[in-house]
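What follows is one structure encoded as structure tokens, with my remarks underneath.
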Amino acid sequence: MSEPTIFERIVAGDIPARIVYETDTVAAFLDANPLAPGHTLVVPKTPYERLDEMPADVAADVWAAVQELTPRIEAAVDADATTIGVNNGEAAGQEVPHVHVHVVPRFAGDGGGPIHAVAGSRPDLSEGELDDIADAIGSSE
Ligand code: AMP
């Protein structure tokens with residue numbers, strides 16, 4: 001058995017967290033190093049590392065929690081909007097190997113950027129390359 005992830009330990013009550021939502025399959029708690037007031041993490045209780053490892057019913061439960069919580073989070077901190085995202089894999093910045101959806105409250109003029117700012121320099125792709133990529137995604141089932 002591998003070591004439990006830090007989020008499993010939170011769900012188990014072994015380490016403290018400000019839990020704001022809990023069902024049989026999903027928990028949500030405030031991020032310990034928030035990017036904004038109200039920054040919340042929504043996690044499946046089972047420690048799937050990547051999004052594609054989550055069974056569809058658990059993924060649906062996680063997304064339902066995100067949808068339910070987002071207006072509550074915005075109201076709690078009087079936010080104007082939210083940025084919602086997943087660092088899916090180490091190269092994308094994932095530090096905790098347990099799926100978690102970041103719900104980050106946003107405020108007009110907060111100095112942050114849109115989700116377009118997360119990747120490096122933009123690629124210059126030809127029409128053929130775009131066609132090949134679309135075909136590869138569409139045919140890889
Ligand atoms: P990521 O880089 O997407 O894996 O994000 C991991 C997040 O987990 C970071 O935003 C951390 O601040 C947060 N985090 C790490 N440990 C804890 C903890 N004990 N309680 C709450 N949030 C945590």
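By convention here, the first residue in the shown sequence is residue 1. Order of listing sets the numbers, starting from 1, for every ligand and every atom in it. Heavy-atom basis, side chains included; hydrogens, waters and symmetry copies ignored.
At a 3.5 angstrom cut-off on N or O pairs, V96 counts as close to ligand 1.
Not a single heavy atom of V86 lies less than 4.0 angstrom from ligand 1.
Comparing D31, N33, N87 against atom 7 (C) of ligand 1, the shortest heavy-atom distance belongs to D31. For atom 4 (O) of ligand 1, the nearest non-hydrogen atom from the set H98, H102, E95, R18 comes from E95.
Considering every non-hydrogen atom in both A36 and P105, the closest pair reads CB-O, 3.4 Å. Closest heavy-atom contact between K45 and E8: O-CG, 4.3 Å.
Judged purely by atom type and a 3.5 angstrom limit, D135 has no side-chain atom pairing as donor or acceptor with the backbone of D132. Here the side chain of T46 pairs no donor or acceptor atom with the backbone of P44 at under 3.5 angstrom.
Nearest protein heavy-atom neighbour of atom 2 (O) of ligand 1: G93 O, 2.9 Å. Atom 15 (C) of ligand 1 has its closest protein heavy atom at F7 CE2, 4.4 Å. Looking from atom 22 (N) of ligand 1 to the surrounding protein, the closest heavy atom is A32 N, 3.1 Å. Nearest to atom 5 (O) of ligand 1 among the protein's heavy atoms is H100 NE2, 3.1 Å. Atom 16 (N) of ligand 1 has I6 CD1, 4.0 Å as its closest protein atom, hydrogens excluded (heavy atom only).
With a heavy-atom cut-off of 4.0 Å, L41 touches ligand 1 through its side chain alone.
Legend: residues meeting ring pair (Phe, Tyr, Trp, His ring centres under 6.0 Å) with F7, ordered by chain and number and at least two apart, are F29, H98, H100.
Pairs of residues two or more places apart, or lying in two chains, that qualify as side-chain hydrogen bond (donor to acceptor under 3.5 Å, both in side chains) and include a residue from residues 71-85 are E68-R72, E74-T82, T83-R106.
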